[in-house]
Amino acid sequence: MNRELVSPTPNNFNVFVSKLSDVLVRALDRPLGYAINWGRIWSLWPVHLETACCSVEFGAASSPRYDVERFGIIEAFGSLRMCDLIVVQGTVTRKMAPRLRMVYDQMPEPKYVIAMGACAITGGLYIDSYNVLPGCDGIIPVDVYVPGCPPRPETLIQGCMLLQEKIKRQKIK
(Lines give C-alpha, C1' and ligand atoms only; values in the text may rest on other atoms or scores of the structure.)
Protein backbone atom coordinates (compact mmCIF):
# COMPACT_ATOMS: atom_id res chain seq x y z
CA MET A 1 0.00 0.00 0.00
CA ASN A 2 1.50 3.27 -1.14
CA ARG A 3 0.56 6.22 1.01
CA GLU A 4 1.63 9.74 0.41
CA LEU A 5 2.64 11.72 3.38
CA VAL A 6 1.41 15.25 3.26
CA SER A 7 3.85 17.58 4.79
CA PRO A 8 2.32 20.00 7.26
CA THR A 9 2.91 23.13 5.27
CA PRO A 10 1.22 26.36 6.24
CA ASN A 11 -0.77 26.29 2.99
CA ASN A 12 -2.36 22.89 3.76
CA PHE A 13 -3.11 23.97 7.31
CA ASN A 14 -4.90 27.14 6.12
CA VAL A 15 -7.06 25.12 3.71
CA PHE A 16 -7.97 22.71 6.51
CA VAL A 17 -8.89 25.53 8.90
CA SER A 18 -10.98 27.37 6.32
CA LYS A 19 -12.92 24.19 5.45
CA LEU A 20 -13.44 23.46 9.13
CA SER A 21 -14.73 26.99 9.72
CA ASP A 22 -17.12 26.64 6.76
CA VAL A 23 -18.49 23.40 8.20
CA LEU A 24 -18.95 24.98 11.64
CA VAL A 25 -20.66 28.07 10.24
CA ARG A 26 -23.08 25.94 8.22
CA ALA A 27 -23.81 23.68 11.19
CA LEU A 28 -24.37 26.48 13.69
CA ASP A 29 -25.82 29.23 11.49
CA ARG A 30 -29.42 28.13 11.45
CA PRO A 31 -29.91 27.04 15.10
CA LEU A 32 -27.88 29.92 16.48
CA GLY A 33 -29.66 32.43 14.24
CA TYR A 34 -33.02 31.05 15.34
CA ALA A 35 -32.08 31.39 19.02
CA ILE A 36 -30.77 34.95 18.61
CA ASN A 37 -33.84 36.07 16.66
CA TRP A 38 -36.11 34.41 19.21
CA GLY A 39 -34.46 36.47 21.93
CA ARG A 40 -34.84 39.66 19.88
CA ILE A 41 -38.50 38.97 19.17
CA TRP A 42 -39.51 38.56 22.78
CA SER A 43 -37.47 41.40 24.29
CA LEU A 44 -38.12 44.57 22.30
CA TRP A 45 -37.38 47.72 24.31
CA PRO A 46 -39.18 50.71 22.83
CA VAL A 47 -38.32 54.38 22.80
CA HIS A 48 -41.40 56.55 22.44
CA LEU A 49 -41.29 59.74 20.43
CA GLU A 50 -44.65 61.13 21.51
CA THR A 51 -45.89 64.36 19.96
CA ALA A 52 -49.63 63.83 19.52
CA CYS A 53 -52.71 61.82 20.47
CA CYS A 54 -51.21 58.48 19.38
CA SER A 55 -49.36 58.35 22.68
CA VAL A 56 -52.68 57.86 24.49
CA GLU A 57 -53.39 54.82 22.32
CA PHE A 58 -49.91 53.44 23.03
CA GLY A 59 -50.67 53.88 26.73
CA ALA A 60 -53.93 52.00 26.22
CA ALA A 61 -52.03 49.17 24.51
CA SER A 62 -49.84 48.93 27.63
CA SER A 63 -52.89 48.74 29.91
CA PRO A 64 -54.13 45.48 31.44
CA ARG A 65 -56.90 45.17 28.83
CA TYR A 66 -54.49 44.81 25.88
CA ASP A 67 -51.20 44.10 27.71
CA VAL A 68 -48.59 44.60 25.01
CA GLU A 69 -45.96 43.04 27.32
CA ARG A 70 -47.24 39.54 26.54
CA PHE A 71 -46.09 40.18 22.97
CA GLY A 72 -42.55 40.92 24.09
CA ILE A 73 -42.74 44.74 24.11
CA ILE A 74 -41.22 45.73 27.44
CA GLU A 75 -42.06 49.08 29.00
CA ALA A 76 -39.47 51.74 28.27
CA PHE A 77 -36.82 52.22 30.91
CA GLY A 78 -33.12 52.83 30.93
CA SER A 79 -31.36 54.87 28.29
CA LEU A 80 -31.51 55.13 24.53
CA ARG A 81 -28.39 53.01 24.27
CA MET A 82 -30.37 50.05 25.66
CA CYS A 83 -33.48 50.32 23.45
CA ASP A 84 -33.85 48.63 20.08
CA LEU A 85 -37.28 49.84 18.91
CA ILE A 86 -38.41 53.39 18.30
CA VAL A 87 -42.13 54.11 17.99
CA VAL A 88 -42.74 57.45 16.27
CA GLN A 89 -46.14 58.69 17.41
CA GLY A 90 -47.57 61.86 15.96
CA THR A 91 -46.45 64.87 13.99
CA VAL A 92 -42.77 65.24 13.12
CA THR A 93 -41.80 68.87 12.53
CA ARG A 94 -38.68 70.26 10.91
CA LYS A 95 -37.40 71.30 14.33
CA MET A 96 -38.00 67.79 15.71
CA ALA A 97 -36.36 65.93 12.78
CA PRO A 98 -32.70 66.34 13.90
CA ARG A 99 -33.62 65.14 17.38
CA LEU A 100 -35.42 62.11 15.94
CA ARG A 101 -32.32 61.27 13.92
CA MET A 102 -30.10 61.75 17.00
CA VAL A 103 -32.28 59.34 19.02
CA TYR A 104 -32.14 56.80 16.17
CA ASP A 105 -28.36 57.11 15.87
CA GLN A 106 -27.85 56.51 19.61
CA MET A 107 -29.68 53.19 19.55
CA PRO A 108 -27.62 49.98 19.18
CA GLU A 109 -27.84 47.68 16.15
CA PRO A 110 -30.12 46.01 15.21
CA LYS A 111 -32.74 48.72 15.57
CA TYR A 112 -36.31 48.81 14.40
CA VAL A 113 -38.81 51.61 13.72
CA ILE A 114 -42.62 51.67 13.88
CA ALA A 115 -44.38 54.74 12.47
CA MET A 116 -47.69 55.02 14.30
CA GLY A 117 -50.57 57.17 13.07
CA ALA A 118 -51.33 59.28 10.03
CA CYS A 119 -49.16 62.17 11.24
CA ALA A 120 -46.02 60.04 11.53
CA ILE A 121 -46.68 58.29 8.21
CA THR A 122 -47.81 61.13 5.92
CA GLY A 123 -47.95 64.33 7.96
CA GLY A 124 -51.63 63.82 8.72
CA LEU A 125 -54.00 66.75 9.09
CA TYR A 126 -51.15 69.22 9.45
CA ILE A 127 -49.35 68.49 6.16
CA ASP A 128 -50.31 71.93 4.78
CA SER A 129 -48.25 73.61 7.49
CA TYR A 130 -44.81 74.90 6.55
CA ASN A 131 -43.03 73.12 9.37
CA VAL A 132 -44.55 69.61 9.23
CA LEU A 133 -42.66 66.83 7.46
CA PRO A 134 -44.55 64.49 5.11
CA GLY A 135 -43.73 61.41 7.16
CA CYS A 136 -40.79 60.28 9.26
CA ASP A 137 -39.45 57.86 6.63
CA GLY A 138 -37.44 60.70 5.11
CA ILE A 139 -35.44 60.97 8.36
CA ILE A 140 -35.12 57.34 9.49
CA PRO A 141 -35.91 54.00 7.80
CA VAL A 142 -39.31 52.67 8.89
CA ASP A 143 -39.92 48.92 9.29
CA VAL A 144 -43.67 48.87 10.01
CA TYR A 145 -46.41 51.44 9.38
CA VAL A 146 -49.43 51.41 11.72
CA PRO A 147 -52.20 53.45 10.03
CA GLY A 148 -55.02 55.31 11.72
CA CYS A 149 -55.80 58.63 13.32
CA PRO A 150 -55.13 57.58 16.05
CA PRO A 151 -54.71 53.84 15.53
CA ARG A 152 -56.47 51.53 17.93
CA PRO A 153 -54.39 49.46 20.39
CA GLU A 154 -55.26 46.31 18.44
CA THR A 155 -53.72 47.83 15.33
CA LEU A 156 -50.54 48.67 17.23
CA ILE A 157 -50.33 45.11 18.54
CA GLN A 158 -50.78 43.81 14.98
CA GLY A 159 -47.96 46.12 13.84
CA CYS A 160 -45.73 44.74 16.60
CA MET A 161 -46.55 41.20 15.49
CA LEU A 162 -45.62 42.12 11.90
CA LEU A 163 -42.31 43.48 13.17
CA GLN A 164 -41.71 40.24 15.05
CA GLU A 165 -42.30 38.27 11.84
CA LYS A 166 -39.78 40.48 10.07
CA ILE A 167 -37.22 39.91 12.83
CA LYS A 168 -37.83 36.15 12.68
CA ARG A 169 -36.86 36.08 8.98
CA GLN A 170 -33.79 38.28 9.53
CA LYS A 171 -30.33 36.86 8.83
CA ILE A 172 -27.68 37.11 11.55
CA LYS A 173 -24.62 39.12 10.56
Side-chain angles (χ1 to χ4, degrees), residues 24-92 96-124 127 133-173:
L24 286 175
V25 165
R26 287 183 186 154
L28 295 177
D29 185 35
R30 208 170 234 162
L32 190 61
Y34 178 79
I36 289 171
N37 284 341
W38 181 86
R40 287 178 182 165
I41 286 170
W42 296 109
S43 63
L44 291 171
W45 289 13
V47 174
H48 311 274
L49 186 74
E50 303 170 347
T51 60
C53 52
C54 293
S55 60
V56 175
E57 295 298 324
F58 193 89
S62 299
S63 71
R65 172 177 247 169
Y66 299 103
D67 192 22
V68 79
E69 282 189 24
R70 67 189 156 132
F71 294 102
I73 310 292
I74 302 169
E75 285 297 317
F77 58 90
S79 72
L80 298 175
R81 291 176 179 87
M82 295 167 52
C83 298
D84 58 355
L85 169 65
I86 184 167
V87 182
V88 181
Q89 307 163 357
T91 311
V92 179
M96 181 69 105
R99 282 129 182 108
L100 172 61
R101 185 64 196 193
M102 182 184 70
V103 168
Y104 181 78
D105 289 340
Q106 287 183 358
M107 293 168 51
E109 291 287 339
K111 47 191 160 190
Y112 311 102
V113 178
I114 294 178
M116 180 179 171
C119 294
I121 296 171
T122 63
I127 190 62
L133 293 177
C136 65
D137 54 358
I139 307 299
I140 56 176
V142 176
D143 295 304
V144 175
Y145 295 94
V146 179
C149 186
R152 300 259 318 139
E154 297 94 346
T155 313
L156 177 63
I157 291 172
Q158 182 185 9
C160 293
M161 291 169 68
L162 287 172
L163 179 64
Q164 288 175 335
E165 286 297 319
K166 183 177 182 177
I167 295 170
K168 187 185 293 185
R169 293 187 310 268
Q170 191 175 23
K171 294 282 186 188
I172 303 299
K173 295 178 184 176

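In this chain, numbering begins with 1 at the start of the sequence shown. Note that this is a predicted model, so its numbers are computed, not measured.
A heavy-atom distance below 4.5 Å is found between the side chains of Leu100 and Ile86. In this structure, the side chains of Thr122 and Ile127 stay at 4.5 Å or more apart for every pair of heavy atoms.
The salt bridge (Lys or Arg N to Asp or Glu O under 4.0 Å) check on Arg99 picks up nothing, with sequence neighbours excluded. Under the rule for a side-chain hydrogen bond (donor to acceptor under 3.5 Å, both in side chains), Gln106 has no partner lying at least two apart in sequence or in another chain. Not counting sequence neighbours, the partners of Asp143 by the salt bridge (Lys or Arg N to Asp or Glu O under 4.0 Å) test are Lys166.
Residues Trp45 and Asp84 come closest through the heavy atom pair N-OD1, 2.8 Å. The shortest heavy-atom contact between Pro46 and Val87 is CB-CG2, 4.3 Å. Among all heavy-atom pairs drawn from Cys136 and Val142, the shortest one is SG-CG2, 3.8 Å. Scanning all heavy atoms of the two residues, the minimum distance from Arg101 to Pro141 falls at NH1-CD, 4.3 Å. Between Leu85 and Leu163, the closest heavy-atom pair is CD1-CD2, 3.6 Å. Of all non-hydrogen atoms in Gln164 and Leu44, the two that sit nearest each other are CG-CD1, 4.5 Å.
To the nearest 0.5 Å, atom CE of residue Met102 and atom CD1 of residue Ile140 are 12.5 Å apart. Here the NZ-CE distance, from Lys168 to Met161, works out to 9.5 Å after rounding to the nearest 0.5 Å. To the nearest 0.5 Å, atom CD of residue Gln89 and atom SG of residue Cys53 are 10.0 Å apart.
The side chain to side chain contact (heavy atoms under 4.5 Å, CB included) test with Tyr104 singles out one residue from Val88, Val47, Val113, and that residue is Val113.
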Checklist entry - When you look at Leu156 and Met116, which way does the side-chain contact (heavy atoms from CB on, under 4.5 Å) test go after all the steps? => result CA-CA 8 Å; Leu156 177 63; Met116 180 179 171; 3.9 Å; yes

